[in-house]
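I have placed the structure first, in the form of structure tokens, so that the comments after it can refer back to it.
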Amino acid sequence: MSSERINSFKTGPDENGRFGTFGGRFVSETLMPLILDLEAEYERTKTDQAFWDEMNHLWTHYVGRPSPLYFAERLTERLGGAKIYMKRDELNHTGAHKINNVLGQIILARRMGKTRIIAETGAGQHGVATATVCAKFGLQCVVYMGAHDVERQKPNVFRMKLLGAEVVPVTSGRGTLKDAMNDALRDWVTYVRDTFYCIGTVAGPHPYPAMVRDFQSIIGKEARTQMMEAEGRLPDTVIAAIGGGSNAMGLFHPFLDDRSVRIIGVEAGGKGVDDRMEHCASLTGGRPGVLHGNKTYLLQDDDGQILEGFSISAGLDYPGIGPEHSWLHETGRAKYVSVTDREALEAFQLSCETEGIIPALEPSHALAHVAKIAPGLPKDHVICMNMCGRGDKDIFTVAKALDWTMTESD
Ligand SMILES: *Cc1c(COP(=O)(O)O)cnc(C)c1O
């Protein structure tokens, strides 16, 4: 369906959890009652003012919201075109947007009487956010993390342990996020009674994609208000990096029905989006299939086997993408592009040099696309990019990659 024929992009998902043909609830019979239970509780909760009062209080006093909307003046000058704003979600407690969503799910878990929280994590940011909020509420926390990611994200593993979480290294597959999510789903079925599965992105079976989006939408709601204050109008373009797609969905959703706002999602192009499949660009380089309980675009081979993604950024290393993005892609409401590791590394340095902001490698992908398009846009064109995480966790990866890049180009 083309986008002109759709009245509102904000009404999804339908009662079956579908965004167009995407999403849904592809789970085993043993998991189904848990999912239905969660859905019923979320439906009750999301219209309960007491729940949102608690969220707003913690967002303000624990997370540090609202995050600033920052005009990146030197970056704008350097690129010589569009006016660039950064939504500073890297300033949140724990250093990324993940905690916006974790707070929502854990308050929900407490309302459901659950005492044991499980989570999957890739870069470790969602694991750290979950361990943090569990510590705050005195809940048991178990985090599944691919063994490969445990190796390359050591500081976050240590953080989770300090916060009292148990980190379980997952060795199946290539030991990355996809495999960690499979093991977390298995755990959930095994320890049904007291366990709540806190998913870190807009993926998984319904109601997770909608629920995580609703919690992350605080990013876009704030950005909308702040942009009206700063510029007296809406931005012309909003841009965010995409792993599973939660920070992007959070920024995009409040703008979906503002047709003047161009929406761009940036996937991880790894070493380049081509037949070697050394990338994580599910929309630009994959096709529809079913993974982790929902139908969406996936990286897969000719037989439908899921391929392992590749990216310098562990947080973008997921072979799928939230189903709502697949739908926004097919309707044309949002546009999806990819940038390579090398381009993201250049943008990482650009942000450090011009703005004194060390970004995570994930938003460096969004910034790389900003750097591509801004010079060709008029000076009154306003871009809002989501600076969804800080780069402390990535400095060793970057140091190693820069050496490698310099030797390569010598
Ligand atoms: C986890 C993470 C991502 C990827 O997850 P999304 O669900 O796509 O937002 C991106 N950036 C940062 C900083 C992260 O921690």
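Start at 1 and go down the list; that is how both ligands and their atoms are numbered. As a basis for the values below, the full set of heavy atoms in this structure was taken, side chains included, without hydrogen atoms, waters or symmetry mates. Numbers here simply count residues along the sequence, with the first being 1.
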Less than 6.0 angstrom from the centroid, inside 45 degrees of the normal: does [X] satisfy that with respect to the ring of [Y]?
X      : Y      : answer
Lys83  : Phe71  : yes
Lys46  : Phe51  : no
Lys178 : Tyr318 : no

Check this for me: does any side-chain nitrogen of one of [X] and [Y] sit under 4.0 Å from a carboxylate oxygen of the other?
X      : Y      : result
Glu166 : Lys161 : no
Arg88  : Glu90  : yes
Lys393 : Glu362 : yes
Arg65  : Glu222 : yes

Heavy-atom contact check, 4.0 Å cutoff: does [X] meet ligand 1?
X      : result
His97  : yes
Ala248 : no
Cys388 : yes

At what distance is the nearest protein heavy atom to [atom], and which residue and atom is it?
atom                    : result
atom 3 (C) of ligand 1  : Lys98 NZ, 3.5 Å
atom 11 (N) of ligand 1 : Glu362 CB, 3.0 Å
atom 6 (P) of ligand 1  : Ser246 N, 3.3 Å
atom 7 (O) of ligand 1  : Thr201 OG1, 2.5 Å
atom 4 (C) of ligand 1  : Gly315 O, 3.2 Å

(message) Determine whether a donor-acceptor pair (N or O, by modelled atom type, separation under 3.5 Å) exists between the side chain of Ser8 and the backbone of Lys10.
(response)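 Side chain of Ser8 to backbone of Lys10, a donor-acceptor pair under 3.5 Å: yes, one is there.
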What are the atoms of ligand 1, with element, lying closer than 4.0 Å to any heavy atom of [X]?
X      : answer
Ile242 : 8 (O)
Gly389 : 13 (C)
Gln125 : 15 (O)

(request) For Asp179 and Ser172, test the side chains for any donor-to-acceptor distance below 3.5 angstrom and give the result as yes or no. (result)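 No - no donor-acceptor pair under 3.5 Å links their side chains.
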(message) Below 3.5 Å, N or O to N or O, backbone or side chain included: is there any such pair between Asn247 and ligand 1?
(response)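 Indeed, backbone or side chain, Asn247 has an N or O that close.
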(message) Check this for me - ligand 1, Ala360, N or O atoms closer than 3.5 angstrom, yes or no?
(response)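 No, there is no polar N/O contact under 3.5 Å.
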